[in-house]
2 protein chains.
Amino acid sequence: MATYAHARPALTVDCVVLGYDDAGLKVALIRRGLAPYLGRWALPGGFVHVDESVDDAARRELAEEAGLSRVWLEQLYTFGAVGRDPRERVVTVAYWALVRLADHRVQAATDASEAAWHALDELPRLAFDHAAIVAAARERLRSKVRWQPIGFELLPRKFTLGQLQRLYEMALGRALDKRNFRKKVLALGILDELDEHERNVAHRAARLYRFDETAYRQRLRDGFSFEL
Amino acid sequence: MATYAHARPALTVDCVVLGYDDAGLKVALIRRGLAPYLGRWALPGGFVHVDESVDDAARRELAEEAGLSRVWLEQLYTFGAVGRDPRERVVTVAYWALVRLADHRVQAATDASEAAWHALDELPRLAFDHAAIVAAARERLRSKVRWQPIGFELLPRKFTLGQLQRLYEMALGRALDKRNFRKKVLALGILDELDEHERNVAHRAARLYRFDETAYRQRLRDGFSFEL
DNA sequence: CCAAAAGTGTTCACGGTACACCCATGC
DNA sequence: GCATGGGTGTACCGTGAACACTTTTGG
């Protein structure tokens, strides 16, 4: 393990930013303004600087390239195949993030020519191996959603149980029984029932709820299972 | 994302190799023959070459530094804090591996002055942030063992249900009920019951079993849950 | 009054858990 | 014969899954 003087792989981060609205799950993509894959859609990301942690690099790129900050962010997987970038050897640490679509407009910045949300199940062809990275994030969402009440990161602060259920159905890729879902989710004891209802809907207005983070942390400490 | 000409972080892999025998879980460590942390125990690992995938680098280091090959190996997490190596900026992709202790003698090789198995719950002080990496592997084992019948990678090819149960108890950190354990594990239908028994034991000789990988794959395809 | 989603309980089957005694073997 | 782990079955309980109708609101 002598000092390393040879060519080294470059190191980047790439972020799979997932958002949700009533139409479904979306990913934030950026249209590349440079070769290779000029004009293709790609994940926001970029090189890791020597003086920042990899986590910080992910947050920075998210802010610079997509104009997003203060989002929930977690490391996903490191993609290190040899040919994944045609220019040179690049290893990328992929992250995934969840944001409230209502709160965030993605905006292109720096060297990205365009940024936009894309529906998760009708993605365009992506640059590099980014399709595989998105697939990994999707898989992680599917498994994580069963153990941690992640959904609240994606919904507006006040939401209906119907919205929450539709989100879970999207994430899990299957229909859930309405009564069982409400029963379980309310039994978790991490929702504040508000004295507010939807407005201007063409059907009975649903009650609004809010995620009770304090109760959630308490339950976590008590060793609680959030399986849905 | 122009061509990158500045200083770049170096990229390494580190492997948490877990082994098991009747005395408990062990991790393979190497005594460092170079500064920094000269003489300290550390995980086997090293730099990723430009012409090999990160996975390949992990396998190579495992072979070179610990003399291990053909082991079960999986990516664990990427550690990218800024100060984790005092010499220069180094990001490491951590892997974890499971081996049959009976089959593998670790042997020091290349630039490691010594290699040995250490009991997982009485580790010496480790170099760099390797203690955190081992802790992450341990946590991963604990959660993974519940979903995938991982234990078989760690046991000899023929084993008793008692051995399997003790392994699970080590991994999960709690005692399991013998009858329930046997019932569940046999119900999985992935064990071959052999017409062989232990020999030379000071008690009733236990029947030996073998992991039936074919049946396992079949169950996986059928969407089977291996929760214990 | 019609469409569309909200809201609400009960029953059944299965799996998890708790629990105690006899058996085979080596010393 | 004794110490040590191997081996076996049953009863209870809680949770997950299935399932249908009434209510409210806007158009």
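Only a predicted model underlies this, so the values are computations on that prediction, with no experimental measurement involved. Chain letters run A, B, ... following the sequence lines, proteins first and then strands; every chain starts at 1.
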Would you mind reading off the distance between [X] atom [atom1] and [N] atom [atom2], rounded to a whole angstrom?
{"X": "B/Leu161", "N": "D/dG5", "atom1": "CG", "atom2": "C1'", "value": "13 Å"}
{"X": "A/Phe181", "N": "D/dG16", "atom1": "CZ", "atom2": "P", "value": "13 Å"}
{"X": "A/Asp177", "N": "D/dG16", "atom1": "CG", "atom2": "P", "value": "13 Å"}

Output one letter per nucleotide in nucleotides 21-27 of chain D: B when a protein non-hydrogen atom lies under 4.0 Å from the base, S when only the sugar-phosphate is that close, - when neither is. --BBBS-
Donor-acceptor pair, side chain of [X] and main chain of [Y], under 3.5 angstrom:
{"X": "A/Tyr20", "Y": "A/Leu167", "result": "yes"}
{"X": "A/Gln163", "Y": "A/Thr160", "result": "yes"}
{"X": "B/Arg219", "Y": "B/Leu188", "result": "yes"}

NZ (A/Lys158) with more than 12 external heavy atoms under 6.0 Å: no
Closest approach of A/Arg100 and A/Phe152, non-hydrogen atoms and distance? NH1-O, 2.9 Å
Regarding A/Arg182, tell me which of base, sugar-phosphate or nothing describes its non-hydrogen contacts under 4.0 Å with the strands shown. base
Regarding A/Lys184, tell me which of base, sugar-phosphate or nothing describes its non-hydrogen contacts under 4.0 Å with the strands shown. sugar-phosphate
DNA chain C nearest-nucleotide lookup for A/Tyr209 and B/Asn180: closer to the 5′ end is A/Tyr209
Provide the start and end nucleotides, 5' to 3', of the part of DNA chain C that has atoms under 4.0 Å from heavy atoms of chain A. C/dA3 to C/dT10
